[in-house]
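Reading through the structure tokens given below for one structure.
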Amino acid sequence: MALEFYNTLTRRREPFTPLQPDQVKMYCCGVTVYDYCHLGHARSYIVWDTVRRYLMWRGYDVHYVQNFTDIDDKILNRAKQENSTMAEVSNRFIDAYFADLRRLNVLDAVEYPRATEHIDAILKLINALIEADYAYPAGGDVYYRVQRFPSYGKLSGRQLDQMQAGASGRVDPEDPEGNRKQYPFDFALWKAAKPGEPSWDSPWGAGRPGWHIECSAMIRANLGETIDIHTGGGDLVFPHHENEIAQSEAVTHKSLANYWLHNGMVNVGGEKMSKSLGNFTTIRQLLDAPNGPDPMALRLFVLQAHYRKPIDFTAESIASAQNSWETLKEGLLFGYRFGESLGWTDTTDSAFGKAESMRIPADSDFSDQRSEAVQRFQEAMDEDINSPGALAVLFELAKDLRREGNIITHEGKTTTNAQALRQQWQTLVVLAQVLGLEAEPEAESNDGLSDDVIANLIAQRRDAKKAKDFATADRIREELKAQGIVLVDKPGGVTEWHRG
RNA sequence: GGCGGCAUAGCCAAGUGGUAAGGCAGAGGUCUGCAAAACCUCCAUUCCCCAGUUCGAAUCUGGGUGCCGCCUCCA
């Protein structure tokens with residue numbers, strides 16, 4: 001079986017072959033840190049984290065790099081508004097980025113290069129572009145000459161003569177930048193500093209880098225001239241990634257990235273969630289709202305759609321994802337709740353339930369029954385990360401385990417083989433972790449009602465039932481339920497209970 | 001005007017030639033004082049429309065319709 005990715009560059013699905021057999025160089029375009037991350041960002045980073053995790057499970061050593069854009073007009077504006085500094089604003093939102101994305105179980109990148117820390121590399125690259133005549137200084141700025149780069153437009157599939165300058169409606173005709181450009185689609189590599197703005201010295205005067213150049217410079221510095229996978233939101237294809245290619249390849253004469261992967265947008269009411277439309281919900285707003293979803297439910301919401309398709313964010317879809325997560329979680333917690341009663345001997349080991357301790361290698365021989373699920377999972381993920389298909393496998397495992405757990409809860413035992421259940425549970429835990437879905441076993445809470453109190457209340461309820469005082473009986477059930485105690489009436493007037 | 005994408009049940013969503021995965025929601029049954037929980041069962045003759053290719057099409061071709069993204073803020 002071969003892993004395939006849909007490559008924006010070729011507009012085809014292609015088998016994945018890294019530059020070096022066991023290693024993957026992966027770069028993900030990160031955020032401009034002037035505000036909290038919204039659900040669009042969440043989707044993007046969850047998706048690329050999942051690709052990374054899958055590659056790791058497939059046996060690759062993944063060198064995953066993601067940048068922070070910490071120089072930008074928006075950061076400057078925010079700093080001005082708050083009477084603060086650019087560095088203070090960007091550091092604050094970088095901290096927020098980590099806080100939010102770690103909640104979603106997004107793994108930390110190997111490196112997080114920042115534009116402000118790579119000014120030398122940026123200046124060097126701009127110099128090389130000027131020397132090769134791909135760029136020209138103009139009034140303190142430096143612009144890239146797009147017409148000089150023959151394959152400009154190859155990623156986004158457009159041709160310069162067919163593009164409509166200003167079609168996005170965002171270009172300010174009064175902006176003097178337009179007059180300094182030799183051609184409307186030339187873009188800034190270096191911007192002259194306005195008075196009072198943070199700036200760096202350069203051969204063209206004090207200024208700061210343009211948006212696109214940092215990625216070219218930092219990829220080269222951190223990963224080399226050619227990388228395996230470059231990812232980002234679909235809205236970055238043009239101009240950002242197109243410009244990265246133009247900047248890098250003009251100098252290196254080598255392909256910047258072999259595989260370009262782009263994720264679909266998060267929509268609200270059919271429209272893209274974005275800062276400019278003001279229709280965004282931040283990650284923390286959603287998760288911290290009263291009755292907000294579990295972070296894992298948000299992750300599930302994202303992974304239940306294929307990464308390239310748009311997804312609509314609605315209260316209903318989040319609620320549905322939350323319920324789905326409850327189902328999956330019950331399967332994931334099966335071993336913690338029932339392992340002991342099934343006679344598993346290692347439930348108190350520190351490694352118990354940790355996916356690392358029960359690795360199932362990809363490309364197993366798929367001979368035993370457990371491997372059928374692994375195989376289907378891998379087949380789905382191999383096809384351009386078909387996470388919805390992979391989740392179907394997890395749900396089948398989880399629902400099965402949930403049923404077994406309920407049988408144990410209600411009957412006290414199950415007829416299913418304990419080792420078979422063990423394998424099924426392991427499979428679920430391991431595969432779920434490949435998708436970044438993990439459930440923490442609840443800590444034994446001592447602050448609830450004691451067993452004695454519960455037994456006493458159950459006895460009271462039994463007496464009330466005998467006296468046909470059902471109002472009292474139901475009130476006791478409700479009170480216990482409010483404490484997280486669920487009562488199960490058995491034939492013969494026996495009442496059992498369990499937490500949760 | 002250009003480039004690209006999408007359209008599958010009440011909702012979400014897989015499925016690129018062989019007879020519709022999965023999730024959410026829902027229905028019936030068993031059980032029950034009623035309920036809850038649990039367990040069992042059911043839930044698209046059909047994939048936006050029309051025409052064509054084929055033994056066979058949700059999947060391929062042509063033509064429509066609708067929606068979305070990008071065309072120098074953007075994940």
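Chain naming here is simple, since letters A, B, ... match the order of the sequence lines and numbering starts at 1 in each.
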So what does [X] hit on the nucleic acid, given a heavy-atom distance under 4.0 Å: a base, only sugar-phosphate, or nothing?
{"X": "Ser317(A)", "answer": "nothing"}
{"X": "Gln164(A)", "answer": "base"}
{"X": "Gly153(A)", "answer": "nothing"}
{"X": "Phe187(A)", "answer": "nothing"}
{"X": "Val393(A)", "answer": "nothing"}
{"X": "Glu396(A)", "answer": "sugar-phosphate"}
{"X": "Gly232(A)", "answer": "sugar-phosphate"}

Within the structure, does a side-chain N or O atom of [X] lie under 4.0 Å from either OP1 or OP2 of [N]?
{"X": "Lys309(A)", "N": "A14(B)", "answer": "yes"}
{"X": "His41(A)", "N": "A75(B)", "answer": "yes"}
{"X": "Trp211(A)", "N": "C74(B)", "answer": "yes"}
{"X": "Lys399(A)", "N": "C24(B)", "answer": "yes"}

State which of [options] makes the closest approach to the side chain of [X].
{"X": "Tyr45(A)", "options": "C3(B), A75(B), A21(B)", "value": "A75(B)"}
{"X": "Lys272(A)", "options": "A37(B), G69(B), C71(B)", "value": "G69(B)"}
{"X": "Asn406(A)", "options": "C39(B), A75(B), A14(B)", "value": "C39(B)"}
{"X": "His38(A)", "options": "A14(B), A75(B), A13(B)", "value": "A75(B)"}
{"X": "Thr327(A)", "options": "C24(B), C73(B), G23(B)", "value": "C24(B)"}
{"X": "Ala392(A)", "options": "G22(B), G33(B), C73(B)", "value": "G22(B)"}
{"X": "Tyr6(A)", "options": "G23(B), G5(B), G33(B)", "value": "G5(B)"}
{"X": "Asn323(A)", "options": "G22(B), C24(B), A13(B)", "value": "C24(B)"}
{"X": "Ser44(A)", "options": "G5(B), A75(B), A13(B)", "value": "A75(B)"}
{"X": "Ala305(A)", "options": "A75(B), C71(B), A13(B)", "value": "A13(B)"}

[X] (side chain) and [N] (base): donor-acceptor pair under 3.5 Å:
{"X": "Lys74(A)", "N": "C73(B)", "answer": "yes"}
{"X": "Lys181(A)", "N": "U72(B)", "answer": "yes"}
{"X": "Arg403(A)", "N": "A38(B)", "answer": "no"}

Counting only Watson-Crick pairs (N1-N3 plus N6-O4 or O6-N4) and G-U wobbles (N1-O2, O6-N3), all under 3.5 Å, who is the partner of [N]?
{"N": "A57(B)", "answer": "none"}
{"N": "G33(B)", "answer": "none"}
{"N": "C42(B)", "answer": "G26(B)"}
{"N": "G62(B)", "answer": "C50(B)"}
{"N": "C3(B)", "answer": "G69(B)"}
{"N": "A14(B)", "answer": "none"}

Taking the [atom1] atom of each, how far is [N] from [M], in whole Å?
{"N": "U45(B)", "M": "G18(B)", "atom1": "C1'", "answer": "16 Å"}
{"N": "C68(B)", "M": "A36(B)", "atom1": "P", "answer": "42 Å"}
{"N": "U8(B)", "M": "U16(B)", "atom1": "C1'", "answer": "14 Å"}
{"N": "C70(B)", "M": "A75(B)", "atom1": "C1'", "answer": "14 Å"}
{"N": "C47(B)", "M": "A13(B)", "atom1": "C1'", "answer": "13 Å"}
{"N": "A7(B)", "M": "C50(B)", "atom1": "C1'", "answer": "16 Å"}
{"N": "G4(B)", "M": "A27(B)", "atom1": "P", "answer": "47 Å"}
{"N": "A20(B)", "M": "A57(B)", "atom1": "C1'", "answer": "13 Å"}

5' priority, RNA chain B, between Asn263(A) and Asn267(A) [closest heavy atom]: Asn267(A)
RNA chain B: 5'-proximal contact among Phe185(A) and Trp48(A) (nearest heavy atom): Phe185(A)
If I take atom [atom1] in residue [X] and atom [atom2] in nucleotide [N], what distance separates them, rounded to the nearest angstrom?
{"X": "Phe395(A)", "N": "A13(B)", "atom1": "CZ", "atom2": "P", "answer": "14 Å"}
{"X": "Glu271(A)", "N": "C6(B)", "atom1": "CD", "atom2": "C1'", "answer": "16 Å"}
{"X": "Glu316(A)", "N": "G26(B)", "atom1": "CD", "atom2": "P", "answer": "14 Å"}
{"X": "His306(A)", "N": "A14(B)", "atom1": "NE2", "atom2": "C1'", "answer": "11 Å"}
{"X": "Arg461(A)", "N": "C34(B)", "atom1": "CZ", "atom2": "P", "answer": "13 Å"}
{"X": "Arg475(A)", "N": "G33(B)", "atom1": "CZ", "atom2": "P", "answer": "20 Å"}
{"X": "Arg13(A)", "N": "G4(B)", "atom1": "CZ", "atom2": "P", "answer": "20 Å"}
{"X": "Arg43(A)", "N": "C12(B)", "atom1": "CZ", "atom2": "P", "answer": "14 Å"}

Spatial distance of atom CD1 (Ile245(A)) from atom NE2 (His240(A)) [nearest 0.5 Å]: 11.0 Å
Assess, by modelled atom type and distance only, whether the side chains of [X] and [Y] contain a donor and an acceptor separated by less than 3.5 Å.
{"X": "Glu214(A)", "Y": "Thr69(A)", "answer": "yes"}
{"X": "Tyr64(A)", "Y": "Asp108(A)", "answer": "no"}
{"X": "Gln66(A)", "Y": "Tyr97(A)", "answer": "yes"}
{"X": "Tyr34(A)", "Y": "Asp73(A)", "answer": "no"}
{"X": "Thr327(A)", "Y": "Ser324(A)", "answer": "no"}

Geometric cation-pi criterion, Arg180(A) with Tyr143(A): 6.0 Å, 45°: no
Within 45° cone and under 6.0 Å: Arg158(A) NZ/CZ vs Phe238(A) ring: yes
Partners meeting salt bridge (charged side-chain N to carboxylate O under 4.0 Å, His left out) with Lys74(A) (sequence neighbours left out): none
Ring centres under 6.0 angstrom apart (His212(A), His241(A)): no
